[in-house]
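The block underneath contains the structure these notes are about, expressed in structure tokens.
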Amino acid sequence: MSRLKSIILLLMPFAAWSNGISCKLIPVDTAYSATSVNVAVFRANSVVSKDSMQYVAYYDPEGYLTIGRRVHGSDDWTIERQQYRGNVADAHNVISIMIDDNDILHASFDHHGHPLKYCRSVAPGSLTLGPLEPMTGVIEDDVTYPEFYKLPDGQLLFAYRSGASGRGNLVMNRYDTSTGKWSRLHDNLIDGENERNAYWQICTGPDGTIHLSWVWRETWMVETNHDLCYARSRDNGVTWERSDGTPYSLPITISTAEVACHIPQNSELINQTSMSTDNAGNPYIATYWREQGDSVPQYRLVWHDGTGWNNRQVSQRTEPFSLAGGGTKMIPIARPRVLIDNDKVYYITRDAERGSKVTIYHGDIDDPYLTPVDVTDFGVDAWEPSYDTELWKEHGKLHIYVQEASQGDGEKVTTATPKMVYILEVSPL
């Protein structure tokens, strides 16, 4: 049942900083927070905009898929709880949404090796989701990590893993807004050959190029992550090539993949982070790992400048930690998101060294180190960043999904009570 929710605007105690960044927190609703299922970095997306409307999705305190909508500039949300309930005890089982050019909302949710759960709004502009339906009906019985991406021509991409950690493949579909139908692009774009799987991140550039990067994992154990690889598509995902334009023979395997940065196993290399592009369409990849001989993992940025691959350290962390084991981990730092505006870098994360607040590292790509700024005055525990990608692409505005949430190490549920979901408006950038 839909309800109109008028909430008094909460302004953060620090309205501005000397560096010119100011923030405003817009409360949405209370949501489930005993795992990180609402705040995982691989939500694509948690919040999206089209024209004057912004949409947000989350599991409510009882685990029901819930959709909120507001007009930009307003603090009033229309909230509608759906008929679908997710297994919120498993932090993999995230909700991902996208709004298409016909104002139809698409949602996929509640997967960790389960049959596809996909639905869309019953009418343009409606918050009510219709019945579950297949996309193509093929290779849809073992789905994890559903992600939507919008292309400049209005078509949608949908990516997911088929198979398990250590032996999964990347499946990709495309949605035609003129017909309202999904078609299969690739049954297996990146092939783990039943020996490993790729943990990927995707973004679209200003010219419509799709950029894809990934790390390989040899088993379900996170310490077997290694090497950062890359591919791109200039024809809406049909064919793929290396950064120098050399075509790939599909599917891409470990023997054919372009390596953007060699990183050995047991380097505290994290999987499933984020990508962005600069105004020229060059790809940037945010991640973290530990250099050989050092004990402290550092945030890093790997990018292609049009000639070759580069990488640099972003943070100056001092506290060591180690990644090992399987399941959702409670890690002292969040997997990062990165945005590029000309030569300016904005790197969004959370670090226990800084009180687990939402932090944005920013500066020029050539700066020796980026400057960290805390943009909340409260800790967010296991939160990882996701943001309104369409609002950023269309208007250069940064709106971040923020919610304090907890996570027990190795897929354990905590006793955390429901916490408020906020949209954090950050300006100017």
Side-chain angles (χ1 to χ4, degrees), residues 9-28 31 33 36 38-41 43 46-47 56 75 270 273-274 276 284 286-288 296-301 312-321 329-341 344-365 367-389 391-392 396-407 416 419-429:
L9 175 66
L10 296 182
L11 290 177
M12 303 184 68
F14 44 89
W17 295 270
S18 59
N19 59 16
I21 296 178
S22 63
C23 296
K24 185 168 67 174
L25 273 177
I26 309 298
V28 180
S33 65
S36 57
N38 275 329
V39 296
V41 75
R43 294 193 64 189
S46 60
V47 53
V56 64
D75 308 326
I270 194 56
T273 55
S274 69
S276 186
Y284 289 70
T287 186
Y288 66 76
V296 181
Q298 299 288 354
Y299 284 116
R300 317 257 177 197
L301 191 62
R312 56 158 299 174
Q313 183 174 319
V314 168
S315 61
Q316 294 177 285
R317 302 190 66 259
T318 60
E319 296 181 7
F321 66 85
K329 309 297 293 178
M330 181 54 212
I331 305 171
I333 65 176
R335 288 170 285 193
R337 290 272 185 170
V338 63
L339 302 95
I340 309 296
D341 185 13
K344 298 288 185 182
V345 180
Y346 302 96
Y347 200 102
I348 312 166
T349 188
R350 173 263 308 164
D351 191 339
E353 284 189 17
R354 303 185 65 85
S356 295
K357 300 172 183 179
V358 178
T359 300
I360 299 178
Y361 288 81
H362 68 99
D364 293 335
I365 187 62
D367 288 346
Y369 293 99
L370 302 182
T371 302
V373 175
D374 298 328
V375 292
T376 64
D377 63 350
F378 57 90
V380 287
D381 200 356
W383 169 90
E384 294 183 313
S386 58
Y387 68 98
D388 191 331
T389 55
L391 187 65
W392 173 260
K397 295 181 178 180
L398 178 56
H399 287 191
I400 305 171
Y401 181 106
V402 172
Q403 180 196 350
E404 180 186 351
S406 300
Q407 177 63 52
K419 299 295 193 300
M420 180 64 71
V421 172
Y422 300 95
I423 301 301
L424 177 64
E425 300 179 351
V426 183
S427 63
L429 288 178

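What you are looking at is a predicted structure, and each value in this text was computed from that prediction instead of being measured.
Taking each heavy atom of Glu425 and His399 in turn, the nearest pair found is CG-NE2, 3.4 Å. Ala31 and Gln403 get closest at one heavy-atom pair: O-NE2, 3.5 Å. Between Glu384 and Ala334, the shortest heavy-atom distance links the atoms CG-CB, 3.7 Å. The shortest heavy-atom contact between Ser274 and Pro336 is OG-O, 3.0 Å. The heavy-atom pair separating Ala405 from Val39 by the smallest distance is CB-CG2, 3.8 Å.
Note: Leu424 CG to Asp388 CG = 12.5 Å, rounded to the nearest 0.5 Å. Note that CD of Gln313 and CG of Leu370 are 10.5 Å apart. Values are rounded to the nearest 0.5 Å. Between the OG atom of Ser46 and the CD1 atom of Ile423 there is a distance of 6.5 Å, given to the nearest 0.5 Å. Atom CD1 of residue Ile333 and atom OG1 of residue Thr359 lie 11.5 Å apart, to the nearest 0.5 angstrom. In this structure, the separation between CZ on Arg335 and OG on Ser386 is 11.5 Å, given to the nearest 0.5 Å. Ile340 CD1 to Ile365 CD1: the interatomic distance, rounded to the nearest 0.5 Å, is 6.0 Å.
Side chain of Glu353 to backbone of Thr318: a donor-acceptor contact under 3.5 angstrom is found. The backbone N or O of Arg300 sits nowhere less than 3.5 Å from a side-chain atom of Thr287 that would complete a donor-acceptor pair.
A donor-acceptor pair shorter than 3.5 Å can be found between the side chains of Asp381 and Ser406.
Counting heavy atoms from C-beta outward, Asn38 and Val421 have side chains that stay 4.5 Å or more apart. Within the 4.5 Å cutoff, side-chain heavy atoms of Arg354 are placed close to those of Pro372. Contact annotation: the side chain of Thr273 never approaches that of Tyr299 to less than 4.5 Å [non-hydrogen atoms, C-beta and beyond]. Contact annotation: the side chain of Glu319 never approaches that of Phe321 to less than 4.5 Å [non-hydrogen atoms, C-beta and beyond]. Inter-residue side-chain proximity for Ile331 and Ile270 is flagged as met; some heavy-atom pair is nearer than 4.5 Å. Considering only heavy atoms from C-beta on, Lys344 comes within 4.5 Å of Asp364 through its side chain. Under the 4.5 Å side-chain criterion, counting only non-hydrogen atoms from C-beta, Arg317 is in contact with Pro297.
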Stepwise side chain to side chain contact (heavy atoms under 4.5 Å, CB included) test for Val358 and Tyr422: CA-CA 12 Å; Val358 178; Tyr422 300 95; over 6 Å; no
Evaluation steps, side chain to side chain contact (heavy atoms under 4.5 Å, CB included), between Val375 and Ile348: CA-CA 10 Å; Val375 292; Ile348 312 166; over 6 Å; no
Audit row: Trp383, Ile400, side chain to side chain contact (heavy atoms under 4.5 Å, CB included) steps and yes/no: CA-CA 11 Å; Trp383 169 90; Ile400 305 171; 3.8 Å; yes
Chi angles and distances behind the side chain to side chain contact (heavy atoms under 4.5 Å, CB included) call for Tyr361, Val345: CA-CA 8 Å; Tyr361 288 81; Val345 180; over 6 Å; no
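Remark: Arg337 is not positioned above the aromatic ring of Tyr387, lacking an NZ or CZ atom under 6.0 angstrom from the ring centre and at most 45 degrees off the axis.
Between Tyr346 and His362, the ring-plane angle classifies as parallel under the 30° and 60° cut-offs.
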